Protein chains: 2
Amino acid sequence: MTLPTKRIAESTVRRLSMYLRYLEGLDAMGQRTASSDELAQLCGTTPAQVRKDLSFFGSFGKRGLGYPVHELTEHLQEILGLRQAWQVVIVGAGKIGSALAEYRGFKQRGFQVVGVYDKNPDKIGRPWGDAVVRDMSTLPDDVTEHHVDIAVLAIPADDAQDVVDQMVAAGIRAILSFAPTSLHVPAHVAVKTVNMAMELEGLSYALTNRGA
Amino acid sequence: MTLPTKRIAESTVRRLSMYLRYLEGLDAMGQRTASSDELAQLCGTTPAQVRKDLSFFGSFGKRGLGYPVHELTEHLQEILGLRQAWQVVIVGAGKIGSALAEYRGFKQRGFQVVGVYDKNPDKIGRPWGDAVVRDMSTLPDDVTEHHVDIAVLAIPADDAQDVVDQMVAAGIRAILSFAPTSLHVPAHVAVKTVNMAMELEGLSYALTNRGA
DNA sequence: GTGTGTGAACGACTTCACAGCC
DNA sequence: GGCTGTGAAGTCGTTCACACAC
């Protein structure tokens with residue numbers, strides 16, 4: 001059920017995440033079932049896509065009826081690994097990091113911020129949400145000792161690879177980077193990069209070539 | 001040369017943006033030429049991919065030598081539409097918006113922030129970078145009058161579609177959204193969505209199923 | 001020899017279409 | 001009748017491999 005035989009495409013996982021968000025909303029509103037058609041419209045995809053995505057993990061629907069909202073919600077949480085807590089550190093005590101930490105869905109989904117780090121002496125020791133900004137030099141040891149799963153990287157591109165290497169050596173397993181650079185890590189470490197400049201340039205391209 | 005016959009894949013445009021970033025760095029360091037192999041290593045892709053991507057727009061390289069760094073940099077800026085200024089508004093005077101506005105590459109690449117908007121009376125009128133936070137109700141008129149090209153949307157998911165509809169009616173042409181929801185717009189409006197929760201859940205999935 | 005440019009082969013994701021069950 | 005589950009078909013992007021230019 002949560003054991004797909006084939007490797008699942010990243011695009012599928014992204015859509016599962018989106019289905020979950022809307023299903024949680026429907027569940028909160030007391031809706032009992034949802035069809036692939038309804039989910040597709042909410043998420044901006046197609047009914048066939050919804051059914052295919054879900055079918056990789058099991059047969060959750062009832063023919064003629066649709067999918068049971070509450071039950072499917074729980075299945076998706078399970079599939080995405082959201083029914084457990086993940087230990088997260090935020091590296092770089094700037095605006096991006098604090099925007100993330102502020103985000104409600106963050107804690108709700110089991111992402112626990114166990115530390116915030118910066119190398120700027122002016123920031124070290126300052127209160128930051130529930131925590132206090134710690135010296136970056138303590139990061140590797142902390143990652144190892146507290147079994148940190150995920151690091152959110154919000155530091156300049158030039159410093160990024162160096163910090164990544166230290167965290168990888170310390171046992172980090174996943175990284176969400178906002179640094180506008182490509183990161184090199186061993187295969188067992190998962191990396192996602194969000195590059196705002198790249199997104200904007202994509203829009204610039206679209207505006208420039210929208211006629212074509 | 002900047003007139004591709006076929007539609008260009010989004011993934012290709014994203015890589016062009018990345019090539020550009022590294023080429024600008026090489027150019028600043030005085031390097032004259034770069035091979036597809038070198039660019040591929042820097043960007044974490046393959047030489048064949050680099051050559052294919054560039055070949056959609058012309059023959060910029062010299063066989064046996066590689067690509068002229070400075071010239072290719074300019075070609076890519078042209079292709080991506082970065083040799084002109086874009087008028088940008090930031091909607092939502094929170095952490096995300098300010099993180100973006102703070103980002104140096106933003107202005108460098110010709111993205112000019114012409115206004116920041118919020119509906120919170122406590123924020124309206126406050127200084128915000130070089131600007132002052134304006135009342136969201138003035139947004140549609142401002143978009144029309146100042147021919148705003150791009151809106152960066154950093155407001156709660158529940159308010160997003162409504163604001164988008166207003167901006168579309170007012171003539172916006174592109175939207176970069178940080179709201180964790182799917183947006184519906186007419187075909188002539190370009191939209192990119194950055195969903196941090198989705199990225200984190202992708203990592204959660206990877207950690208949960210890393211053995212598989 | 002070195003490295004580009006590109007059709008052709010390959011692989012991956014999406015869409016189709018219909019059998020099967022409620 | 002309505003809607004799911006899924007093999008098959010289609011589409012799109014990536015990789016290969018080699019002719020060609022320097």
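Quick note on labels: first sequence line is chain A, next is B, and so on, each numbered from 1. Because the structure is predicted, anything quoted here is derived from the model rather than measured. Both backbone and side-chain heavy atoms feed into the values below; hydrogens, waters and symmetry mates do not.
If you take CZ of A/Arg7 and C1' of C/dA12, they are 9 Å apart, rounded to a whole angstrom. Atom-to-atom, CD of A/Glu38 to C1' of D/dT4 comes out at 15 Å; the value is rounded to the nearest Å. When the P atom of C/dC13 is taken as reference, atom CZ of A/Arg14 falls 14 Å away, rounded to whole Å. Rounded to a whole Å, the CG atom of A/Asp37 is 15 Å from the C1' atom of C/dT15.
A salt bridge between A/Arg14 and B/Glu201 is absent, with no side-chain N of the basic residue lying under 4.0 Å from a carboxylate O of the acidic one. Between B/Lys192 and B/Glu10 there is a salt bridge, since a side-chain N of the basic residue sits under 4.0 Å from a carboxylate O of the acidic one.
One side chain, A/Thr181 or B/Tyr22, offers a donor N or O that lies under 3.5 Å from an acceptor on the other. Donor-acceptor pairing under 3.5 Å is lacking for the side chains of A/Gln31 and A/Asp27.
Residues A/Glu10 and B/Leu54 each lie close to DNA chain C; by heavy-atom proximity, the contact nearer the 5' end of the strand is made by B/Leu54.
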Please list every donor-acceptor pair under 3.5 Å in which a side-chain atom of residues 79-86 of chain B meets a protein atom from a residue at least two apart or in another chain.
| residue | atom | partner | partner atom | Å |
| --- | --- | --- | --- | --- |
| B/Arg83 | NH1 | B/Gln77 | OE1 | 2.7 |
| B/Trp86 | NE1 | A/Ser204 | OG | 2.9 |
| B/Trp86 | NE1 | B/Gly81 | O | 3.0 |

Distance-only check: which donor-acceptor pairs under 3.5 Å involve side-chain atoms of residues 41-51 of chain A, not counting sequence neighbours?
| residue | atom | partner | partner atom | Å |
| --- | --- | --- | --- | --- |
| A/Thr46 | OG1 | A/Gln49 | N | 3.1 |
| A/Gln49 | NE2 | A/Asp53 | OD1 | 3.3 |
| A/Arg51 | NH1 | A/Ser36 | OG | 3.2 |

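A close approach under 4.0 Å does occur between a side-chain nitrogen or oxygen of A/Ser36 and OP1 or OP2 of D/dT4. At the phosphate of C/dG5, OP1 or OP2 sits under 4.0 Å from a side-chain N or O atom of B/Tyr67.
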**Prompt:** Going 5' to 3' along nucleotides 14-22 of chain D, which nucleotides have protein heavy atoms under 4.0 Å from the base (write B), which only from the sugar-phosphate (write S), and which from neither (write -)?
**Reply:** SB-B-BBBS

